[in-house]
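All values below come from the heavy atoms of this structure, side chains included, with hydrogens, waters and symmetry mates left out.
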Protein chains: 2
Amino acid sequence: MAPLSQQMQQLSETCSHCSLRYLCLPDHLDSHDLEKLERLVDSGAPVLAETELFAQGEGLTHIYAVRNGSAKTVRIDEEGFEQILGFYYPGDILGFDGFADQHHHCSAVALETSHFCRIPVDQLDALVDELPSLRQRLVRLMSQVLSEDGRMMLTLGRKDSEGRISSLLLGLSRRRALRGMPASSVPLNMKRADLANFLSMRLETVSRVLTRLQRAGVIKVSQNRVDILDRDALRERSSRGAWVADQS
Amino acid sequence: MAPLSQQMQQLSETCSHCSLRYLCLPDHLDSHDLEKLERLVDSGAPVLAETELFAQGEGLTHIYAVRNGSAKTVRIDEEGFEQILGFYYPGDILGFDGFADQHHHCSAVALETSHFCRIPVDQLDALVDELPSLRQRLVRLMSQVLSEDGRMMLTLGRKDSEGRISSLLLGLSRRRALRGMPASSVPLNMKRADLANFLSMRLETVSRVLTRLQRAGVIKVSQNRVDILDRDALRERSSRGAWVADQS
DNA sequence: CGTAGGGTTGACATGTTTCAACATCAGTGG
DNA sequence: CCACTGATGTTGAAACATGTCAACCCTACG
């Protein structure tokens, strides 16, 4: 077996051979179109944990696809408060919110040592004009994010702390399954503070809920990894504690 | 002056003469492209309050632009809980989240008697392939929504009840200003229950906060209209009560 | 005038934050 | 190898904001 670094090098080079092509931009592109897209993609050096891929306010020059590892996006509002907008895993695209005015509206930071595919937007833009299939794929991906954001707003707004944590764990698990990784063992690559920020809770509460779920035998927490022992119970808890909607 | 109904009729017919063209899809399109877009737009009969434009799960056939009046989008999650995702005003587009899989992921409902421009997606799709400027416009609009959603998640997550109401009022006011309408007098076309649902609060709390703000002399509430008396105080309150972010 | 839907207000219960102490772990240098 | 240190995570007690439940008010409308 080739050394790991070389393996990744090779995978990074071509979308056609990438195991993530059905999650990522290339999905639904025929081999001819794919080849053209491939030529735009630049897979650079590994990015260390805590390193910024792009910064809020910066001009939009590239969008990024997670190759391996993970990232978070962070937004700082007018008053200086910081909000984590999402966590990103292999196949996810970073930077979509920059198309509005050619400037990034959030920052992206690697959670661990990770690899990303860099795609220059001007060239992508030109290619999109050329390839209807790519245009469609792009719009679909953006629309998908839109729809996921809706789901998140729902979670954030309507669920109590246990519901939020449960939803998050199930969500991370589901995304692992999509990538063909063991869905019952979820690594928490981010810090507790990140989790807390993302879910709009205090980190003490995150801690408490995790231990409560563990004591209930629903999950097993071992430092940065959560094993889902009873998925049904977790699902149950993710919806319990959600408020009843007032009649419209 | 022509009767109102006739006036609107006329306005609805052509994007070129629409006062909202710089907010809406037509922005940045030259007159030639605009003409082609115009031909797709169908401005139908007035839509009564509480009427659904499209329903969650339904196939995506049209997207809609608010011509006048207002609308809300609602999403019902797996567990049957209902969440209002947004309020929409003239020039706003409804239906973007349907591009992901050609199905609507939320329902759209008119808040009052309103007019909408209906745009068939298949024809739009074809036209987008033909007109790069339209494609770009579409992507930008979607990206913009993405970015606004981020802002909303921030508000929802980090602010207390007073902060949420204040943010909402300022937001509605800002959007009125964008449309050249008096920004200090904000009509609340939606019910208190809708506000509560959108902001993830109970309607009792909405009520309490509104009267509290009124007693403080920041706003004046008269049934379905809020007058902003002290914008600075409102801004102050919209950021106060926001949590300090934990250090990453 | 009476009814119904929407909105307001009050008293109480509860979950989450806050503040503070403590535990754990990794890395560093003696 | 161990003691130190700082960063990270856990736990506890008390304060506080918001939810809950119930009563009440108001306005529109038949």
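Here the P atom of nucleotide D/dT11 and the CZ atom of A/Arg202 are 19 Å apart, to the nearest Å. For B/Glu50 and C/dG6, the CD to C1' distance is 13 Å, given to the nearest whole Å. Rounded to whole Å, atom C1' of D/dT18 lies 15 Å from atom CG of B/Leu156. Nucleotide C/dG6 holds its C1' atom 16 Å from the CG atom of B/Asn189, rounded to whole Å. In this structure, A/Met201 atom CE and C/dG15 atom C1' are separated by 11 Å, rounded to whole Å. Counting to the nearest Å, the P atom of C/dG7 and the CG atom of B/Leu195 are 9 Å from each other. For B/Arg212 and C/dT9, the CZ to P distance is 12 Å, given to the nearest whole Å.
Residue-level contact check: A/Thr205 touches the bases, meaning some heavy atom is under 4.0 Å from a base atom.
Atom CG of A/Leu234 is separated from atom CD of A/Glu236 by 10.5 Å, given to the nearest 0.5 angstrom. Annotation: the span from A/Gln214 atom CD to A/Ser222 atom OG amounts to 8.0 Å, rounded to 0.5 Å.
In this model, the phosphate group of C/dT9 is approached by a side-chain N or O of B/Thr211 to a distance below 4.0 Å at OP1 or OP2.
Of the candidates C/dG6, D/dT10, C/dT9, C/dG6 carries the atom nearest the B/Lys191 side chain, counting heavy atoms from C-beta on. Distances were taken from every side-chain heavy atom of A/Glu204 (C-beta onward) to each of C/dT18, C/dT17, C/dG7; the shortest belongs to C/dT18.
Judged by distance alone, with hydrogens and angles left aside, A/Arg208 brings a side-chain donor or acceptor within reach of the base of D/dG12, the pair sitting under 3.5 Å.
Contact annotation: the side chain of B/Ser166 approaches that of B/Leu213 to within less than 4.5 Å [non-hydrogen atoms, C-beta and beyond]. Put simply, the side chain of B/Val209 does not reach to within 4.5 Å of the side chain of B/Arg164, judged on heavy atoms.
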